[in-house]
Structure formats: structure tokens, C-alpha cells
Amino acid sequence: MLEADLKNFFGSLDHAWMLKFVEHRVGDPRVITMIKRWLKAGVLEDGIIQVSDVGTPQGGSISVLLSNIYLHYVLDLWFEKVVKARLKGEAYLIRYIDDFIVCFQYHSDATRFHEVLKKRLGKFALTLESNKTRLIEFGRFATKHAREKGKKLETVYFLGFTHYCTRNRKGNFMVGRKTEKMRLRRSIIRLQATLREIRHAPIKEQVTVINSVLRGHYNYYGMAGNMKSLFRIYHRTEQYWRRMLSSRCSKGYVTWEKFNAIKSMFPLLRPKLSIPYTELKAYAML
């Protein structure tokens with residue numbers, strides 16, 4: 001498996017290639033003219049307009065759309081039409097903007113593709129981020145081979161999840177998922193900051209805000225197998241909320257008995273899977 005990320009992706013897009021890709025599907029010259037003007041508009045930094053002949057402004061209104069069009073022709077279509085026909089075994093590409101994973105049946109195919117990929121990206125002024133690009137063994141036999149070599153089993157970091165090799169209750173191989181450590185820590189820090197901001201608000205309003213944040217976290221990270229991470233952020237929120245309530249209490253603390261009484265009246269949203277095991281296979285086939 002090849003785990004890869006592109007270096008300075010939004011700032012490296014070639015305008016000439018970008019317009020060629022857009023013109024391939026869009027025939028209206030007015031739309032092309034608008035995109036040209038948008039690309040040449042530049043970025044305002046500290047009151048000074050910075051104009052560049054390459055790249056799209058990160059955070060721009062259509063940057064993500066244009067970047068996906070760019071990589072569709074540079075990577076996706078090339079992989080499906082050219083690369084897969086030259087491989088010995090099966091291969092799959094999973095991409096989200098500039099982050100992508102390529103799965104191979106054979107290690108030789110992965111090694112060859114890694115070298116060819118550098119040349120392909122270089123043609124379109126793109127380079128791989130060396131710190132985030134690596135070849136790893138992942139799959140049914142990865143655990144066995146790692147044990148034989150005395151190495152630690154490698155994991156994959158993608159879209160905020162740590163993907164690892166595990167087995168289901170029947171003993172068959174399956175991909176396990178849990179919230180990536182840095183993302184989990186970031187979510188906890190963000191929740192704690194929110195709690196500090198609303199510490200003096202009425203409890204009813206506090207719970208409404210806390211539950212909206214928890215609901216958003218559960219909706220994204222509530223994937224089958226990740227319940228332990230969801231409960232971790234729930235318990236950390238629970239503990240920190242009690243601390244915030246204690247800080248404004250005349251006694252300087254709120255007992256757990258009193259805190260549980262408050263929770264019974266204003267309950268925190270408990271972890272819930274947005275994608276349970278019964279639906280996981282259907283999502284994986286999309």
C-alpha cells in the first residue's frame with residue numbers, strides 16, 4: 001500500500017494545464033474567462049495583493065473544485081486507464097483532494113508505481129510530500145509477516161482516522177479504525193476552549209452548545225469500530241464540564257452526586273455510530 005500526500009498542492013497548480021482540463025469539459029468561453037480572471041486575481045495579504053502565475057488560493061471559493069478537476073486528469077484517470085493495465089495484480093486508488101492511498105496486491109507493483117508517480121506528477125509541476133509518503137504492508141498477511149520479521153505492525157493515517165489490521169469475531173481479517181491521536185487531542189482542546197467560553201452561561205444553554213459540538217464529532221468519527229474513541233471524548237468532556245461548573249460554585253467544587261443530578265436534568269449526548277457495521281460494507285463499495 002502507498003500512502004501519499006502532495007507538497008504545497010494548492011500553490012503548485014499550473015494555470016495552463018488547469019485551463020486545458022476545464023476546457024475539455026466546459027465549452028462556454030464565458031466560464032473559462034471567469035476562471036482565468038479568478039486565477040489571476042491574487043491574494044490580499046497585509047494590505048498587499050500577491051499575484052501568482054501558479055496555484056489557487058487555499059480556502060478560495062472554488063479552489064477545491066478546480067483542484068479535484070486537476071487531479072482527476074493528472075492522477076485518477078491516468079491510474080485507471082494507463083497504470084492498472086500494466087500491473088500484475090489488483091490495485092485501487094482512494095483519494096480525497098491531495099491525500100490519497102493506493103492499494104496493490106503485489107509489492108513489485110507498488111514499488112514500480114511509486115517511481116512512475118514521481119515522474120507523472122513532475123510533468124504537472126507537482127511533487128510528493130516526502131514526510132507523508134511511504135510504502136507499507138497492509139492486509140491479511142501483514143500481521144503474520146510483521147511477527148516473523150520482529151517488526152511493529154504499521155498503520156495508515158487517512159482523513160483523521162488510524163486504519164489498522166485486526167480480526168473480527170470469526171477470526172477473519174478486517175480493517176480497524178479509530179480516531180487519529182492528533183485529531184482526538186485537537187478535538188478535546190477545542191471542546192475545552194468552548195467550555196471555558198460558556199462557563200458563565202445558564203446550564204441549559206451550556207448543554208445545547210456542548211451537545212452540538214459532540215454531535216458534529218460523532219457524525220464524522222462515528223464509524224463502526226471507533227466507539228472507544230468516541231467514549232473517550234465523551235468522558236473528557238464530562239470531566240472538564242464538571243471542572244467548569246465547580247469553578248463558579250461557591251464551595252469551589254461540585255460533587256459527583258450533584259453533577260449526576262445535573263446530568264439527569266440536562267443530559268450530555270452519548271456516543272452514537274453514524275455508520276454502524278451493517279452499513280459499513282455499503283459505504284466501502286461506493
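- In this structure, the separation between OG1 on T111 and OH on Y106 is 14.5 Å, given to the nearest 0.5 Å.
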Can N211 and L214 be said to form a side-chain contact (heavy atoms from CB on, under 4.5 Å), step by step? CA-CA 5 Å; N211 283 342; L214 289 175; 4.1 Å; yes

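- To the nearest 0.5 Å, the span separating SG on C103 from CG on D109 amounts to 12.5 Å.
- For an aromatic pair to be called close, the ring centres must be under 6.0 Å apart, and H24 with Y73 satisfies this.
- R120 places a side-chain N or O within 3.5 Å of a backbone atom of V74 that can act as its donor or acceptor partner.
- At least one donor-acceptor pair closer than 3.5 Å links the side chain of Y218 to the backbone N or O of L269.
- Ring orientation note: the planes of F161 and Y220 are close to parallel, at an angle under 30° on the 30°/60° scale.
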With side-chain contact (heavy atoms from CB on, under 4.5 Å) as the test, would you mind laying out the steps for Y164 and V156 before giving the verdict? CA-CA 7 Å; Y164 57 95; V156 178; over 6 Å; no

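- Using a 4.5 Å heavy-atom threshold, the side chains of L71 and L6 count as touching.
- Looking only at side-chain heavy atoms (C-beta outward), F100 and D5 stay at 4.5 Å or farther from each other.
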Just list the side-chain donor-acceptor pairs under 3.5 Å for residues 80-94, sequence neighbours left out, or say none.
unit_1: R86; atom_1: NH1; unit_2: V82; atom_2: O; d: 3.0
unit_1: E90; atom_1: OE1; unit_2: Y92; atom_2: OH; d: 2.5

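- A201 and Q206 get closest at one heavy-atom pair: O-NE2, 2.8 Å.
- Judged by the 6.0 Å distance and 45° axis criteria, R183 is not positioned over the aromatic ring of Y221.
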Going through the distances and angles, do Q192 and R236 end up as a side-chain contact (heavy atoms from CB on, under 4.5 Å)? CA-CA 9 Å; Q192 291 175 345; R236 291 294 294 272; 3.9 Å; yes

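- At a cut-off of 3.5 Å, with distance as the only test, a side-chain donor of E137 or H145 sits close to an acceptor on the other residue.
- The environment of R95 atom CZ is dense: over 12 non-hydrogen atoms of other residues, nucleotides or ligands sit within 6.0 angstrom.
- Considering only heavy atoms from C-beta on, T133 stays 4.5 Å or farther from E3 through its side chain.
- No donor-acceptor pair closer than 3.5 Å links the side chain of R140 to the backbone N or O of A142.
- A donor-acceptor pair shorter than 3.5 Å cannot be found between the side chains of S67 and D98.
- In terms of modelled atom types and a separation under 3.5 Å, the side chain of N260 and the main chain of W256 share a donor-acceptor contact.
- By the 30° and 60° cut-offs, the orientation of the rings of F21 relative to F124 is tilted.
- Judged by distance alone, with hydrogens and angles left aside, the side-chain atoms of D76 form no donor-acceptor pair with the main-chain N or O of N68 at under 3.5 Å.
- Contact check for L153 versus C165: side-chain heavy atoms found under the 4.5 Å cut-off.
- Panel note: side chain T166, backbone G176; no donor-acceptor pair is recorded below 3.5 Å.
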Stepwise side-chain contact (heavy atoms from CB on, under 4.5 Å) test for I210 and I198: CA-CA 9 Å; I210 295 170; I198 62 174; 4.3 Å; yes

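- Rounding to the nearest 0.5 Å gives a distance of 9.0 Å between OG of S246 and NZ of K258.
- Side-chain contact of S247 with R199: a donor-acceptor pair under 3.5 Å is present, judged by distance alone.
- If you check the side chains of R196 and Y240, you find a donor sitting under 3.5 Å from an acceptor.
- Panel note: side chain R242, backbone V254; a donor-acceptor pair is recorded below 3.5 Å.
- Between K118 and H114 the shortest side-chain heavy-atom distance falls below 4.5 Å.
- The environment of E148 atom CD is dense: over 12 non-hydrogen atoms of other residues, nucleotides or ligands sit within 6.0 angstrom.
- The backbone N or O of I136 lies less than 3.5 Å from no partner atom in the side chain of E154, so there is not a single donor-acceptor pair.
- Under a 3.5 Å cut-off, the side chain of S274 and the backbone N or O of N219 do form a donor-acceptor pair.
- The neighbour count for M182 CE, taken as heavy atoms of other residues, nucleotides or ligands under 6.0 Å away, does not exceed 12.
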